[in-house]
Amino acid sequence: MKVNKNERHNHILSIISKNDISTQEELVEILRNLDLDVTQATISRDIKELGLTKVSNDKNMQKYVANNKIKEKTTSKLINVFAQAVISCENAGSFVIIKTLPGMAGASASTIDSLDLPEVVGTLAGDDTIFVATKSSILANHLVERLKSLMM
């Protein structure tokens, strides 16, 4: 049976969340067993479009996972780094200025970027200082409060 790309993507995400799939061929076989008309080339494109990556499972074998799970883990770890590295956070007009331990501004800016906060227009990190641009001083105030909550 032919299905559209969105349906196929939903099937793939469901399959990899419930099974340890280590090869494209395994994924093709499962989809075909579900009576879906797919080719290995199509699945290869789908894997790229979905941003699937391979990680080691608890049996030390590779399996496909959705990138958002990796992002969640990475973001959680970055928040811990941010909490330990940030010394101060204050607004200066529409900017937020963050002081960190020496050498930690880059990792702390990555945390802010990974959070996809709507207040943030962009970040610029030096060695121990981060400039965060917002669109207004009101948004900068909101952002300071949000970031301070991560520091606790």
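- Membership of an apolar cluster is not assigned to Ile138, as no side-chain contact below 4.5 Å to another ILVMFWY residue is traced.
- When all heavy atoms are compared, the tightest approach of Ala140 to Phe95 is CB-O, 4.0 Å.
- Grouping the Ile, Leu, Val, Met, Phe, Trp and Tyr side chains by contacts below 4.5 angstrom, directly or via other members, places Leu34 with Leu52.
- Residues forming a salt bridge (charged side-chain N to carboxylate O under 4.0 Å, His left out) with Glu119 (at least two apart in sequence, or on another chain): Arg146.
- For the atom pair CG (Leu36) and NE2 (His11), the distance works out to 5.0 Å, reported to the nearest 0.5 Å.
- No side-chain heavy atom of Ile47 sits less than 4.5 Å from a side-chain heavy atom of Ile12.
- In this structure, the separation between CG on Asn91 and CD1 on Ile98 is 11.0 Å, given to the nearest 0.5 Å.
- At least one side-chain heavy atom of Leu115 sits less than 4.5 Å from a side-chain heavy atom of Leu150.
- For the salt bridge (charged side-chain N to carboxylate O under 4.0 Å, His left out) test, residues two or more places apart in sequence or in another chain that qualify with Asp20 are Lys63.
- Residue Val3 is grouped with residue Ile43 when hydrophobic side chains (ILVMFWY) are merged at heavy-atom distances under 4.5 angstrom, including chains of intermediate members.
- Note on Ile79: it clusters hydrophobically with Val96, by side-chain heavy-atom contacts below 4.5 Å among ILVMFWY residues.
- With sequence neighbours left out, the side chain to side chain contact (heavy atoms under 4.5 Å, CB included) criterion links Asn19 to Ile15, Ile21.
- Under the rule for a side-chain hydrogen bond (donor to acceptor under 3.5 Å, both in side chains), the partners of Ser14 that lie at least two apart in sequence or sit in another chain are Lys18.
- Thr123 is linked by a side chain to side chain contact (heavy atoms under 4.5 Å, CB included) to Ala109, Ile112, Asp113, Val120, Ile130, Val132, counting only residues two or more places apart in sequence or in another chain.
- Lys48 meets the side-chain hydrogen bond (donor to acceptor under 3.5 Å, both in side chains) test with no other residue; sequence neighbours excluded.
- Membership of the apolar cluster around Ile87 extends to Val81, Leu101, Met104, as traced through chained side-chain contacts below 4.5 Å between ILVMFWY residues.
- Note that CD1 of Ile30 is 11.0 Å distant from CD1 of Ile16, once rounded to the nearest 0.5 Å.
- Every salt bridge (charged side-chain N to carboxylate O under 4.0 Å, His left out) that Glu49 has, sequence neighbours left out, goes to Lys5.
- Here the SG-CG distance, from Cys89 to Leu143, works out to 6.5 Å after rounding to the nearest 0.5 Å.
- Residue pairs meeting the side chain to side chain donor-acceptor pair (under 3.5 Å) criterion with at least one partner in residues 93-106, sequence neighbours excluded, are Lys99-Thr129.
- Every residue meeting the side-chain hydrogen bond (donor to acceptor under 3.5 Å, both in side chains) condition with Asn4, not counting sequence neighbours, appears here in chain and number order: Glu7.
- The two atoms that bring Ser114 and Leu78 nearest to each other are OG-CD1, 3.9 Å, heavy atoms only.
- Atoms OG1 and CD, on Thr23 and Glu29 in that order, are 8.5 Å from each other to the nearest 0.5 Å.
- Looking only at distances, no side-chain donor or acceptor of Lys135 sits under 3.5 Å from a matching main-chain atom of Val121.
- Under the 4.5 Å side-chain heavy-atom criterion for ILVMFWY residues, a single connected hydrophobic cluster contains both Met1 and Leu31.
- The shortest non-hydrogen separation linking Pro102 to Asp127 is CA-OD2, 3.9 Å.
- Applying the side chain to side chain donor-acceptor pair (under 3.5 Å) test to pairs two or more places apart or on separate chains, those with a residue in residues 32-41 are Gln24-Gln40, Thr39-Thr42.
- Distance OH/Tyr64 to CG/Leu50: 11.5 Å, rounded to 0.5 Å.
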